[in-house]
Amino acid sequence: MTAPLLQVENLATHFMTRSGPLKAVDGVSFSVQPGEIVGLVGESGSGKSVTGFSILGLIDPPGRIAGGSVKLAGEELVGLPPSALRAIRGRRISMVFQDPSATLNPVLTIGHQMRLAIEAHETVGEKAARDRAAEALLRVGIPDAARRLDAHPHQFSGGMRQRVAIAIALLNRPALIICDEPTTALDVSIQAQILTEMKALARDLGTAMIWISHDLATVSSIASRLLVMYAGRIIEEGPVADVLRAPHHPYTAGLLASLPANAEPGQDLVQIPGSTPSLFALPPGCAFSPRCPHARPQCGTMPDLVREGARGVRCHFPLEIRGRA
Amino acid sequence: MIGFVIHRVMQAVVVMAVISLLVFIGVYAIGNPIDVLISPDATQQMREDAIRAYGLDQPLWKQYLDFVTRLLHGDFGRSFVYNMPVLELIGSRLPATTELALAAVMGATLLGVPLGMYAGYRPESGLAKAIMAISILGFSVPTFWIGLVLIFTFAVQLGWLPAGGRGDTAMLFGIEWSFLTRNGLTHLFLPALNLSLFKFAMMVRLARAGTRETMLTDTVKFARAAGESEWTILSRHVLRLIAIPIVTVFGLELGSTLAFAVVTETIFSWPGVGKLIIDSISSLDRPVMVAYLMLVAFFFILINLAVDLSYAALDPRLRARRA
């Protein structure tokens, strides 16, 4: 194994609220190898997006990184002064968001926005900036790129707009792109296109990705390794194919069973009973235990994340393994 | 875009026609100016001659028709009091009001928008709280009182600035302007400051509200994720995104200051149109009142057109809708 590109260790991000600190991310550890695509899956409020923002140091008050470490190629990012973090954002790690019609500035031309993103890191001439922007647009499959630089975001379709956002994220050839549900707001057919293209781009440019999504199906089609989050913690990890074939955590198994593709035609979709717990009122021990069909008294204590080979699970009574034992 | 302008010009013609009718009837209803025009010891004969000479014996519709006909020939009539063409009279006063209004509104905007943006960017900071406190003052303290305090402080006690008048003027495009001379500028400063306080307060609040809202959007998050500096984000992204309400209020304030700077002009004896209209109302100088009110309506139409056109320049989405 080569040295990891990104090493996240015990990351904790808390939001200070009137009723005490809200632990949106509570001791998350994982690593990303150069060029690797890692899927980060969880429901809304599981802390997956906050994890992404924490890596970039983009947590707004009242939130703050309460502990842990984020190392990019061995360099610690937590605690860096804002200017040093700014120099890393967009150049070495960039980010793509969910809704391109909200992320692109509606009143500036695409070319202008791309120039701002380039000028954030180096001084370039007007012409050089345009050439680089056009090249980036071409790379993400926007035809007639040089002319489209003078267009405004509303003149693009939703899929094209997200391609523009991806082009901006790629402008400075970052080693890592954090993708926060970049296909959720798009049509299904466009979703598939963008997924395929981004996979190809990552491979060609050797860019690593953290692909954040609530949609297990989408993630499994692009990522090679999966991290499943629940209530601010990673509860299962492993190679995508292995996790899908044999989930160890009852929550992952529940997620898989509830995928529409796994349902019998004409039958109701399978649901995980109950709902995501409020981070203010987490049960003691395993946060999933109140919804878990296999819960026992021992689940009142927090299980450790037990790693075995490439797989890891945070459960006292993991599926499959328990069967084997 | 041209179609849009033509449409707006036609709209403006209709609006002006309606305004002329309303203004004429309104002013007619105020009272008979003849008692002001002739001396109290005039004979009945002199009185009737005067009424006939000014056309005041005609029925209302006839007077209005005469008025409109003359208007279409570019003749706004003669002032009863000054006995000179109304246009010339207003024209001689307008530059003073124009420069006062522009100085006040532009000063308020150039200072209020950056400070308001700062207050929206760092709402918890001490400076932001101080800015908001000043803006509350600007909103709540009456203009005339601030004017008197300014005169008392800077003109009477400290003696730094003159208390009234336009000071020296210089010619530009055949018009006298105060802002072109040093002495004129010192005269312009206090009344402009007085007028701008309320507008400053408004600009601060607008910019602050817009900035606070915009800072939370994904556009700002995305720009930050691209590594853009906070200064770039504020000056290139946020300022452009909050520009439309600011331009709107700029236009409205410019129009209303041109029309109704009366109180400040009176306090600082600034020889503008505000002073003229008050005098013409008290002396029932009908042609001046009518022409002035029509002029105000015309200004508003012009300013609103300019504001609408600037929307299209500021927001490309609106351009697309109109094309």
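Owing to the predicted nature of the structure, the values given are computational and were not obtained by experimental measurement. Numbers restart at 1 for each chain; the letters A, B, ... are given by sequence-line order, proteins then strands.
No more than 12 heavy atoms of other residues, nucleotides or ligands shown are found within 6.0 angstrom of CE on B:Met106. In this structure, B:Glu213 places its CD atom where only 12 or fewer heavy-atom neighbours from other residues, nucleotides or ligands lie under 6.0 Å away.
For B:Leu216, no part lies under 4.5 angstrom from a heavy atom of chain A. Proximity to chain A (any heavy atom under 4.5 Å) is shown, for B:Ser229, by both the backbone and the side chain. Heavy-atom distances place no part of A:Ala87 under 4.5 Å from chain B, backbone and side chain included.
The side-chain heavy atoms of B:Thr219 and A:Leu104, taken from C-beta on, include no pair separated by under 4.5 Å. Side-chain contact between B:Arg224 and A:Asp60 is present, with at least one heavy-atom pair separated by less than 4.5 Å.
Each of A:Ala165, A:Ala169, A:Ser83, A:Gly57 has some count of heavy-atom pairs under 4.5 Å with chain B, and the biggest count is that of A:Ala165. If you tally non-hydrogen atom pairs under 4.5 Å between each of A:Leu56, A:Leu116, A:Ile88, A:Asp99 and chain B, the highest count goes to A:Leu116.
Taking CD1 of A:Ile168 as the start and CZ of B:Phe222 as the end, the distance is 4.5 Å to the nearest 0.5 Å. In this structure, the separation between NE2 on A:His112 and CZ on B:Arg236 is 4.5 Å, given to the nearest 0.5 Å. Expressed to the nearest 0.5 Å, how far CG of A:Asn105 lies from CG of B:Asp218 amounts to 12.5 Å.
Counting only distance, with no hydrogens or angles, the side chain of A:Ser94 and the backbone of B:Ala225 share no donor-acceptor pair below 3.5 Å. Without hydrogens or angle criteria, A:Arg86 side chain to B:Gly227 main chain gives a donor-acceptor distance under 3.5 Å. When atom types are taken as modelled, the side chain of A:His121 and the backbone of B:Ala226 share a donor-acceptor pair closer than 3.5 angstrom. With B:Arg240 contributing its side chain and A:Leu108 its backbone, the two residues share no donor-acceptor pair below 3.5 Å.
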| task | Could you check A:Val107 against B:Leu241 for side chain to side chain contact (heavy atoms under 4.5 Å, CB included), going step by step and ending with a plain yes or no? | result | CA-CA 7 Å; A:Val107 299; B:Leu241 287 168; 4.1 Å; yes
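Within residues 297-304 of chain B, no residue has any heavy atom closer than 4.5 Å to a heavy atom of chain A.
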